[in-house]
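In what follows, a structure is listed as structure tokens, so that the remarks can point back to it.
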Amino acid sequence: MNKIFLISIIGLLISGCSVMRTDYNVYNDIHKELNEKQLDERITPLKLYYDIDFLVEMIEDVHVNPYLNIERQDFYEAISCLKESIKEPITRKEFYQKITPLINLLKDSHTNVWFPNEIQGHYEQEGGLYLPFEITSDLDSRLFVRKNYSDYNLETNEEIFSINDVDAGTLINTLVRYEYGSVRNSNIRRMEGRFKYHLWKVLNIESPFKIQLADTTLFLEGLSKNELKQKKQISSMKKHASIHYELLSDKIGYLSISSFGLSPKDFQSKMNKSFGQIKLDNPTSLIIDVRNNGGGSEENGFELLSYIAKEPYHMYSKFLRKKSQQYDKRFKQRFSWWIRPIINIKGATKMNDEMKTYFSSYVTKKYGEVDTLDNSTLIPMTPRQDSLKYNGNIYVLQNEYSYSATVGFLGAVKDYKIGRIIGTESGESPNGFGESYLFELPNSRLICRSSTTFMIRPNGNTEMTHGIIPDVKVDKIEFDTEEKYLEHIKNLVEQ
């Protein structure tokens with residue numbers, strides 16, 4: 001093929017021309033929807049053993065370091081126990097219930113098994129109902145009503161001793177095994193958010209529900225997913241946009257960012273608008289609220305830091321990536337079918353400085369080797385030099401629902417001392433896995449993913465057993481309303 005033509009095509013590709021698929025969706029690429037017969041189909045043990053071996057082999061091929069949090073021998077012993085527990089044909093739902101705790105032993109928030117969408121959708125279409133409560137726990141063995149969507153008049157924080165005769169401690173300790181992070185307390189908080197769905201997915205507990213309280217036993221019908229959604233909207237005092245700015249007082253600005261999931265272009269546009277208003281208001285202190293921000297694009301975290309950082313910064317001190325044939329194949333799938341035969345990572349590095357930085361050493365590795373970039377290679381980001389750069393005091397709000405790319409942002413705030421962090425421990429460690437590779441198991445057709453990269457926080461500390469610890473601990477649960485919580489935060493900032 002003409003070299004000039006090839007270079008031109010790659011140049012167009014890297015510059016974002018239409019050869020890149022705008023409808024790119026890996027899930028749809030690898031998964032064909034299950035038909036009605038397959039929803040309750042029973043799969044033989046031999047086929048499921050094959051799926052288990054396939055899953056483990058795939059993880060070992062693409063994962064940057066699967067045995068960081070568990071010994072390989074211990075993991076293989078758990079595999080043997082899993083196989084021994086499957087003696088007869090079981091459904092896909094039952095297989096999910098068995099295999100998920102195995103994969104979650106890796107304690108990697110980007111490596112897991114997903115519950116089949118079609119099975120849950122069928123359950124809901126057939127009139128399946130869910131527990132009409134939002135719950136919380138004491139992180140040990142007690143359950144409490146946080147929000148009540150039933151017709152019963154219950155006190156907030158009323159204790160639940162059992163549901164359908166399963167005691168609260170068993171519920172917590174069983175369901176938390178279906179969460180996949182490295183920080184147990186944060187896994188419990190995640191479980192709380194999915195509790196009503198986990199009851200059916202994991203324990204097959206369905207409506208009607210028998211709820212044992214301190215002085216009485218309730219028997220109540222559940223609610224459909226749509227009914228829960230409607231009641232949740234009605235009970236919400238205030239809905240926030242994904243990015244929202246306002247003045248809390250003449251001297252305190254408040255910027256809420258509930259997601260980093262916007263495209264980098266849209267995120268930058270919203271940041272320019274927000275910080276343009278911040279420039280006009282000229283507050284002496286700025287509160288940045290990333291509570292409940294589940295992450296998104298780490299590039300957006302970089303962008304936000306550029307408005308508030310005091311010196312050049314990195315989001316991490318080391319970036320590790322596993323080289324595999326699967327990773328290379330998935331790179332090609334980001335582009336239209338007709339360009340795939342002539343595009344690869346090595347060619348892309350010749351046309352783009354950023355690709356060269358992040359992949360030039362990768363292409364020299366053999367399959368199975370880990371490529372490591374550090375601060376001698378990674379290009380530091382620099383703070384903005386224009387009028388939108390904010391130079392006042394920075395306070396950042398976080399909680400146990402701050403995950404993924406949000407924790408990368410928080411790690412830089414913490415390690416570079418950009419501002420004071422207020423709230424509760426973040427949902428993940430600032431050292432974390434990422435860039436998941438999605439694949440389907442051949443027989444059960446469950447969708448799985450495995451991390452291919454690992455990032456170490458800016459200060460180089462590799463500890464992973466807890467999230468980012470706030471400088472000032474303030475738990476929202478101590479306040480009746482969001483308004484009272486923010487008033488408390490404002491008073492802290494004014495002190």
Side-chain angles (χ1 to χ4, degrees), residues 63-65 68-69 106-112 179-190 257-261 288-306 308-321 358 370 372-375 377-381 394-436 451-474:
H63 199 290
V64 63
N65 187 359
L68 180 65
N69 296 312
L106 300 178
K107 297 182 180 180
D108 172 1
S109 61
H110 290 76
T111 298
N112 62 288
E179 302 298 336
Y180 35 83
S182 62
V183 183
R184 175 177 166 80
N185 286 357
S186 297
N187 282 343
I188 291 177
R189 292 303 185 210
R190 293 188 205 225
I257 303 174
S258 62
S259 174
F260 284 130
I288 299 176
D289 189 349
V290 292
R291 290 174 299 149
N292 306 310
N293 186 326
S297 170
E298 67 175 19
E299 189 174 339
N300 291 337
F302 274 118
E303 177 68 18
L304 176 56
L305 285 168
S306 73
I308 60 175
K310 301 176 179 63
E311 59 182 302
Y313 56 92
H314 291 94
M315 289 281 274
Y316 32 76
S317 58
K318 284 188 179 180
F319 179 88
L320 294 80
R321 179 192 286 113
Y358 286 97
V370 174
T372 302
L373 304 178
D374 59 25
N375 286 350
T377 307
L378 296 168
I379 301 172
M381 304 295 291
I394 297 291
Y395 298 85
V396 179
L397 306 184
Q398 69 172 32
N399 66 0
E400 55 272 25
Y401 302 108
S402 302
Y403 301 129
S404 196
T406 305
V407 179
F409 163 76
L410 290 164
V413 171
K414 183 83 168 181
D415 292 352
Y416 287 104
K417 297 180 172 55
I418 293 171
R420 288 177 63 78
I421 296 178
I422 301 172
T424 53
E425 181 180 357
S426 66
E428 290 176 344
S429 165
N431 300 308
F433 297 103
E435 206 167 334
S436 295
S451 297
T452 60
T453 62
F454 183 67
M455 288 75 74
I456 299 175
R457 66 188 296 173
N459 68 10
N461 185 338
T462 58
E463 196 277 333
M464 288 187 67
T465 59
H466 62 76
I468 293 175
I469 305 301
D471 300 304
V472 181
K473 184 178 179 180
V474 179

Would you say [X] and [Y] make side-chain contact, with heavy atoms under 4.5 Å?
X: Val413; Y: Ile468; answer: no
X: Thr377; Y: Tyr358; answer: no
X: Arg420; Y: Val472; answer: yes

Of all heavy-atom pairs between [X] and [Y], which one has the smallest distance, and what is that distance?
X: Phe409; Y: Met315; result: N-CE, 3.7 Å
X: Phe433; Y: Asn69; result: CE1-ND2, 4.2 Å
X: Pro470; Y: Gly423; result: CG-O, 3.3 Å
X: Asn431; Y: Arg457; result: OD1-N, 2.7 Å
X: Ile418; Y: Ile308; result: CG2-O, 3.6 Å

- Check the pair His110 / Ser404 against side chain to side chain contact (heavy atoms under 4.5 Å, CB included), numbers first and verdict last. CA-CA 9 Å; His110 290 76; Ser404 196; 3.4 Å; yes
- Go through the steps to decide whether Gln398 and Ser426 satisfy the test side-chain hydrogen bond (donor to acceptor under 3.5 Å, both in side chains), and finish with yes or no. CA-CA 6 Å; Gln398 69 172 32; Ser426 66; 4.7 Å; no
Is it true that a side-chain atom of [X] and a backbone atom of [Y] form a donor plus acceptor pair closer than 3.5 Å?
X: Asn399; Y: Asn292; value: yes
X: Arg321; Y: Leu373; value: no
X: Asp471; Y: Ile421; value: yes
X: Tyr313; Y: Ser306; value: yes
X: Thr111; Y: Ser451; value: yes
X: Asn293; Y: Ile257; value: yes
X: His63; Y: Asn65; value: yes
X: Thr452; Y: Ser436; value: no

- Quick one: do Tyr416 and His314 satisfy side chain to side chain contact (heavy atoms under 4.5 Å, CB included)? Show the steps, please. CA-CA 9 Å; Tyr416 287 104; His314 291 94; 3.8 Å; yes
- Going through the distances and angles, do Val370 and Phe454 end up as a side chain to side chain contact (heavy atoms under 4.5 Å, CB included)? CA-CA 10 Å; Val370 174; Phe454 183 67; over 6 Å; no
- Give a yes or no on this: more than 12 heavy atoms of other residues, nucleotides or ligands lie within 6.0 Å of atom NZ of Lys310.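 Check passes, neighbour count above 12.
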- Message: Do the side chains of Arg190 and Glu428 get close enough for a salt bridge, i.e. N-O under 4.0 angstrom?
- Response: yes
